[in-house]
A.B. asks: 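Let me give you the structure first, and then I'll get to my questions.
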Amino acid sequence: MILSGSASQTLAARLADELDESLGATTTKRFPDDELHVTVTEPIDERAIIVASTVSSDAHIELLQLQDAARQAGAEEVVTVLPYMGYARQDQTFEPGEIISTRAAARAISTGTDRVLTVTPHEKNVASFFDVPTTVIDGAPRLADPLPAALTDPLFLSTDAAAAPLAESVRDAYGAGDCDHLIDATDGERPAPTEESLAGRDVVVVDDIVGTGSTMSGSVAVVADAEADRIFATCVHPVFATGALSKIARVGAELIYGTDTLERVISDVSVAPAIADAL
Ligand code: R5P
């Protein structure tokens, strides 16, 4: 049975479809003091697959309650799918006394599950923080799906070097084109590609996360100024804080989209098939 966190209902339904499993009935109430209260209303015979993006602190607590409720409902195995894992950026200490947030979150999640799957975590070593077997799924190949079949001399450009493997995943799934990444701006300079020329080409700008949209809009602006033809702006995790979409559209992106690891108006492609394969 698939159980869904409040932030992952569409993806949970798609996964249930992919796996031909039932979607369990759950409710999440909020008490007057703001505490969350989850109920799983059906018995679970064997495996419970909980799909919950931990995009907020509340979503974390809701997930821990879902895990506990699944066991209470009879689940023999609890699998936790984190389409988007929150608190996954701080994977080391930079200042004395700083918490490793990723480790703290992973340890808490591990206590209620037999296995974890997560999609394109921001830090690649995230799996090492869980105390249970953890599978990392690459969500980027799905980002090739909405692209037109005939791109002109396509270039798959990541917003920085760290995201370069994602651009390669999209290119490989698309089946043609070059890859490059932007190098960080220094001394008032703008970011620039390492070697590829952009003029007249269709450019697909790729990142793992779009949050405020500053990184993506800055990257799209560089590409537009270099006289690229069509520009596509895409990411695995569309956090898209208020204003991010228009910020990116304003500088010249023709199509802006992400996956359904987070439910947004531009969540045009689903990672459900990739999760189903990994399960
Ligand atoms: C940074 O390391 C990430 O890969 C993204 O580039 C970043 O999270 C995007 O954030 P924002 O949209 O706020 O610029």
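Only this structure's heavy atoms are used, side chains among them; waters, hydrogens and symmetry mates stay out. Order of appearance sets the numbers: ligands from 1, and atoms from 1 within every ligand.
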A.B. asks: Check whether the side chains of D260 and T10 place a donor and an acceptor atom closer than 3.5 Å, and report yes or no.
C.D. replies: no

A.B. asks: Using a 4.0 Å heavy-atom threshold (strictly under), name the region of R89 that reaches ligand 1: side chain, backbone, both or neither.
C.D. replies: side chain

A.B. asks: Enumerate the atoms of ligand 1 whose separation from the nearest heavy atom of T212 is less than 4.0 angstrom.
C.D. replies: 11 (P), 12 (O), 13 (O), 14 (O)

A.B. asks: Going by atom types only, do T102 and E123 share a side-chain donor-acceptor pair under 3.5 Å?
C.D. replies: no

A.B. asks: With heavy-atom distances below 4.0 Å as the criterion, list the atoms of ligand 1 near I209.
C.D. replies: 5 (C), 7 (C), 8 (O), 9 (C)

A.B. asks: Please check whether M216 reaches ligand 1 - meaning an N/O of the residue sits under 3.5 Å from an N/O of the ligand, judged on distance alone.
C.D. replies: no

A.B. asks: Looking at atom 14 (O) of ligand 1, what's its closest protein heavy atom, distance included?
C.D. replies: T215 OG1, 2.6 Å

A.B. asks: Going only through I, L, V, M, F, W and Y residues with side-chain contacts under 4.5 Å, is there a path from V55 to L82?
C.D. replies: no

A.B. asks: With heavy-atom distances below 4.0 Å as the criterion, list the atoms of ligand 1 near D207.
C.D. replies: 4 (O), 5 (C), 6 (O)

A.B. asks: Which atoms form the tightest heavy-atom contact between S53 and Y84, and what is the distance?
C.D. replies: OG-N, 3.1 Å

A.B. asks: Run the numbers for me: atoms of ligand 1, each under 4.0 Å from some heavy atom of V210, listed by number.
C.D. replies: 12 (O)

A.B. asks: Counting only heavy atoms closer than 4.0 Å, does ligand 1 sit against the backbone of H122, its side chain, both, or neither?
C.D. replies: side chain

A.B. asks: For S217 and G213, indicate whether the former's side chain and the latter's backbone hold a donor-acceptor pair under 3.5 Å.
C.D. replies: yes

A.B. asks: Does ligand 1 have an atom that lies less than 4.0 angstrom from a heavy atom of A163?
C.D. replies: no

A.B. asks: Surrounding OH of Y87 (heavy atoms of other residues, nucleotides or ligands, distance under 6.0 Å), is the total greater than 12?
C.D. replies: no

A.B. asks: Stepwise, does the salt bridge (charged side-chain N to carboxylate O under 4.0 Å, His left out) test hold for R71 with D114?
C.D. replies: CA-CA 11 Å; R71 293 260 192 236; D114 298 291; 3.2 Å; yes

A.B. asks: Record the part of D208 in heavy-atom contact with ligand 1 below 4.0 Å; permitted values are side chain, backbone, both and neither.
C.D. replies: side chain

